[in-house]
Amino acid sequence: MSYPRIATLKTAAALRDHLERHGIPLALDDQLAAPSQTPLAMPIAVGGARVGNRFCILPMEGWDGTSDGAPSDLTRRRWRNFGISGAKLIWGGEAVAVRRDGRANPHQLVMTPSTQAAIAGLRDELIGAHRERFGPGADADLFVGLQLTHSGRYARPDVYDRPAPLAAWEHPVLDRRFPHGIRILNDDELARLEDDFVAAARLARDAGFGFVDVKACHGYLGHELLGARGRSGPYGGPLENRTRFMRRVIERIHLEVPGLQVVVRLSVFDMVPYRKRPDGVGEPEPVEGEQLSTLNAQRAVGFGVIADDEQLDAALDEPRAVLRMLERLGVRSICVTAGSPYYNPHIQRPAAFPPLDGYEPPEDPLRGVARQIRATALLKRSFPGLVIVGSAYSYLQEWLPHVAQHNVREGLCDLVGLGRIVLSYPDLPADVLAGAPLRRNAFCRTFSDCTTGPRLGLVSGCFPLDPFYVARPEAITIRDVRTETNRRIQ
Ligand SMILES: Cc1cc2nc3c(=O)[nH]c(=O)nc-3n(C[C@H](O)[C@H](O)[C@H](O)COP(=O)(O)O)c2cc1C
Ligand code: SF4
């Protein structure tokens with residue numbers, strides 16, 4: 001099944017007609033407001049920090065750090081691009097492991113005393129690029145943080161294709177994907193990991209970052225713990241226990257690292273793991289026999305797991321309880337995301353073309369965009385006092401600014417988070433805010449090569465559209481792999 005390319009929906013009426021015919025609840029503005037009128041240019045306060053507009057750069061790893069976890073020239077280039085984007089909130093830059101065994105790949109950054117100065121340098125590069133482009137004082141309302149993580153089940157610290165999973169609980173479907181088995185982190189290890197988060201947060205503050213994101217999304221440890229219903233002991237079972245790790249890390253950072261804000265990126269809903277059908281399209285991974293009963297309980301073991309969109313509002317009840325807790329802890333901002341790039345990428349980063357280890361979209365990717373926007377709006381309605389950032393806008397391409405403007409004006413989110421689009425068109429926010437003509441040939445067309453690269457053990461980047469990456473040798477490898485995969489499916 002194929003879906004119309006966004007580039008063929010050339011007018012707002014054509015897009016709206018498509019959405020209505022297929023029952024996809026997504027609204028947009030027909031016209032972009034003038035720079036002096038646009039809601040996207042309104043400043044907003046995040047905790048005590050002033051953020052100059054409503055664009056946020058979402059964290060994106062490049063798989064391009066050094067073996068000891070420091071940035072490379074490629075990392076620095078990406079952060080400079082974040083700086084020239086014009087967005088005033090930089091949600092963490094990229095996931096940085098708090099210690100070595102928490103790396104999702106052998107080139108992920110790690111925050112340690114020996115990498116601290118180089119990671120501080122990333123922030124300096126970003127701010128320097130922002131000033132060069134927008135003026136010497138432009139960073140007064142630029143808020144830059146660092147995303148802290150442990151990759152848990154998806155840890156691959158040594159070799160890109162050798163998983164070293166440190167999971168939160170036994171998962172009836174996902175465990176089968178690890179033929180060498182998984183190891184469950186025990187309670188003492190989790191308690192020690194809290195120390196590592198606090199130590200990394202201290203290093204981040206001293207490096208000049210204004211906040212840290214205690215990452216709780218995408219199937220990594222912080223997210224997996226939230227679904228650990230079947231785990232016994234202090235970190236499993238009732239929500240009080242499943243949030244223990246997050247709560248303690250945040251409480252301790254507030255107490256032990258004063259002057260640093262803490263925010264959370266949360267997968268607020270999820271679906272069961274998907275796999276590729278013989279025709280290449282994604283489907284929920286089936287289970288047999290005795291696993292069935294476990295799977296029937298799966299909705300009860302995960303966090304915010306839905307089978308269809310009717311269930312979304314009710315499934316957000318546990319995430320709402322988490323946000324209430326976070327508000328009580330003094331967290332002022334949340335970034336909404338969903339699912340995982342490993343087991344249901346179509347809900348996490350809606351795309352027309354799958355990455356190497358993915359599947360053809362089982363739904364119109366616009367439905368995936370609309371679902372994240374709806375979840376964000378429902379949470380914003382429940383938590384008017386939290387600054388809420390939305391995700392998954394890149395698939396909208398030419399219509400991204402129109403949907404963004406509508407959503408901010410209507411209060412469906414406070415800021416619009418940008419991921420892949422910034423790899424192909426780094427200064428899209430600056431162009432939108434200036435009312436400049438938009439560069440159609442720079443829009444991310446969701447080819448997923450920035451995900452396929454890392455799946456092959458290569459660096460990430462926009463290989464089809466960013467001239468810098470088009471010219472790199474990895475672009476040829478990725479193109480060849482894509483051609484071969486398409487040939488096998490046909
Ligand atoms: C190459 C790549 C790397 C990513 N790395 C991270 C990451 O380090 N941390 C994170 O929270 N999300 C990460 N994401 C997810 C994005 O932040 C974002 O949620 C997702 O791409 C959907 O937004 P978009 O439609 O604007 O791309 C990554 C996405 C891509 C494509
Ligand atoms: S490789 Fe480029 S065009 Fe493809 S999804 Fe990534 S950013 Fe978009």
Side-chain angles (χ1 to χ4, degrees), residues 6 55-65 75 78 81-82 87 90-97 103-105 107-109 145-149 151 154 213-220 222-223 263-268 335-342 345-356 358 365-366 368-369 372-373 376 389-397 400 403-404 416-426 428-429 441-455 458-470 474-475 478-479 482:
I6 296 294
F55 282 112
C56 167
I57 303 297
L58 298 175
M60 272 177 299
E61 295 164 66
W63 288 259
D64 48 21
T75 329
R78 192 170 51 259
N81 277 348
F82 295 163
I90 310 295
W91 193 284
E94 62 189 277
V96 175
R103 280 172 127 178
N105 74 84
H107 295 284
Q108 186 170 30
L109 303 185
L146 195 70
Q147 184 178 57
L148 298 181
T149 192
S151 302
Y154 295 104
D213 166 20
V214 176
K215 184 176 185 177
C217 57
H218 304 163
Y220 297 112
H223 178 215
V263 300
V264 174
R265 192 161 199 226
L266 187 65
S267 279
V268 299
C335 182
V336 170
T337 178
S340 164
Y342 297 101
H346 73 286
I347 70 162
Q348 200 257 338
R349 41 185 95 154
F353 305 94
L356 179 66
L366 282 169
V369 175
Q372 287 205 40
I373 287 175
T376 309
V389 180
S391 301
Y393 283 73
S394 288
Y395 181 76
L396 291 165
Q397 299 159 53
L400 188 160
V403 175
V416 170
L418 304 179
R420 293 162 293 178
I421 188 78
V422 178
L423 301 179
S424 67
Y425 189 167
L428 173 74
N441 60 358
F443 276 102
C444 163
R445 299 299 177 190
T446 65
F447 294 122
S448 293
D449 287 0
C450 50
T451 305
T452 292
R455 298 296 187 256
L458 307 172
V459 299
S460 177
C462 184
F463 293 102
L465 298 178
D466 177 347
F468 177 85
Y469 282 96
V470 170
E474 294 92 341
I478 291 171
R479 197 191 53 211
R482 188 149 30 87

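Values in this document were obtained by computation on a predicted structure and should not be read as measured data. Atoms within a ligand are numbered from 1 in the order they appear, just like the ligands themselves.
- Between R265 and S391, the side chains place a donor N or O and an acceptor N or O closer than 3.5 Å (distance only, hydrogens not considered).
- The residue from L428, L58, L396 that alone fulfils the side chain to side chain contact (heavy atoms under 4.5 Å, CB included) condition with I421 is L428.
- Checked against a 3.5 angstrom limit, the closest N/O atoms of W63 and ligand 1 fall outside it.
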Could you please spell out the steps behind the side chain to side chain contact (heavy atoms under 4.5 Å, CB included) verdict for S151 and Q108? CA-CA 10 Å; S151 302; Q108 186 170 30; 3.8 Å; yes

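- Of the protein's heavy atoms, R349 NH2, 3.4 Å lies nearest to atom 28 (C) of ligand 1.
- For a threshold of 3.5 Å applied to N or O pairs, the pair formed by A95 and ligand 1 contains at least one separation below that value.
- Close approach of ligand 1 to S460 is summarised as follows: ligand atoms under 4.0 Å from at least one heavy atom of the residue are 1 (C).
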Please walk me through it: do L266 and C217 pass side chain to side chain contact (heavy atoms under 4.5 Å, CB included)? CA-CA 5 Å; L266 187 65; C217 57; 5.7 Å; no

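- What you find for V214 and V264 is that their closest heavy atoms are O-CG1, 3.7 Å.
- In this structure S340 satisfies the side chain to side chain contact (heavy atoms under 4.5 Å, CB included) test together with Y342, Y343, N344, sequence neighbours excluded.
- The shortest N/O to N/O separation between L58 and ligand 1 does not fall below 3.5 Å.
- Checked against a 3.5 angstrom limit, the closest N/O atoms of E94 and ligand 1 fall outside it.
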Under the side chain to side chain contact (heavy atoms under 4.5 Å, CB included) criterion, do T446 and R420 qualify, and how do the steps go? CA-CA 8 Å; T446 65; R420 293 162 293 178; 3.8 Å; yes

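- Within the listing of ligand 1, atoms 15 (C), 19 (O), 22 (C) sit less than 4.0 angstrom from a heavy atom of Q348.
- For the residue pair W63 and L458, the shortest heavy atom distance occurs at CB-O, 3.9 Å.
- Inclusion of R265 in the set of residues having an N or O under 3.5 Å from an N or O of ligand 1 is warranted.
- Contact record, F443 with Q397: CE2-O, 3.4 Å, taken as the closest heavy-atom pair.
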One pair to check against side chain to side chain contact (heavy atoms under 4.5 Å, CB included): V263 and V389. What are the steps and the verdict? CA-CA 11 Å; V263 300; V389 180; over 6 Å; no

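- Ranking the protein heavy atoms by distance from atom 5 (N) of ligand 1 puts E61 N, 3.1 Å first.
- Side-chain contact between C450 and S460 is present, with at least one heavy-atom pair separated by less than 4.5 Å.
- Atom numbering of ligand 1 starts at 1 in the shown order; those under 4.0 Å from a heavy atom of Q147 are 7 (C), 8 (O), 9 (N), 10 (C), 11 (O).
- Taking every heavy atom of C450 and a limit of under 4.0 angstrom, the matching atoms of ligand 1 come to 1 (C), 31 (C).
- Listed by atom number, the atoms of ligand 1 under 4.0 Å from S394 heavy atoms are 24 (P), 25 (O), 26 (O), 27 (O).
- With waters neither drawn nor counted, the protein N/O/S atoms under 2.8 Å from atom 8 (Fe) of ligand 2 amount to 1.
- Evaluated by nearest non-hydrogen atom to atom 25 (O) of ligand 1, the leading choice among R420, M60, H218 is R420.
- Residue Y395 places no N or O, backbone or side chain, under 3.5 Å from any N or O of ligand 1.
- Note that CG of L146 is 9.0 Å distant from CG of D213, once rounded to the nearest 0.5 Å.
- Of the protein's non-hydrogen atoms, P59 O, 3.5 Å is the one closest to atom 7 (C) of ligand 1.
- The shortest N or O to N or O distance between G419 and ligand 1 is below 3.5 Å.
- With T452 contributing its side chain and P355 its backbone, the two residues share no donor-acceptor pair below 3.5 Å.
- The two residues M60 and L418 make their nearest non-hydrogen contact at CE-O, 4.3 Å.
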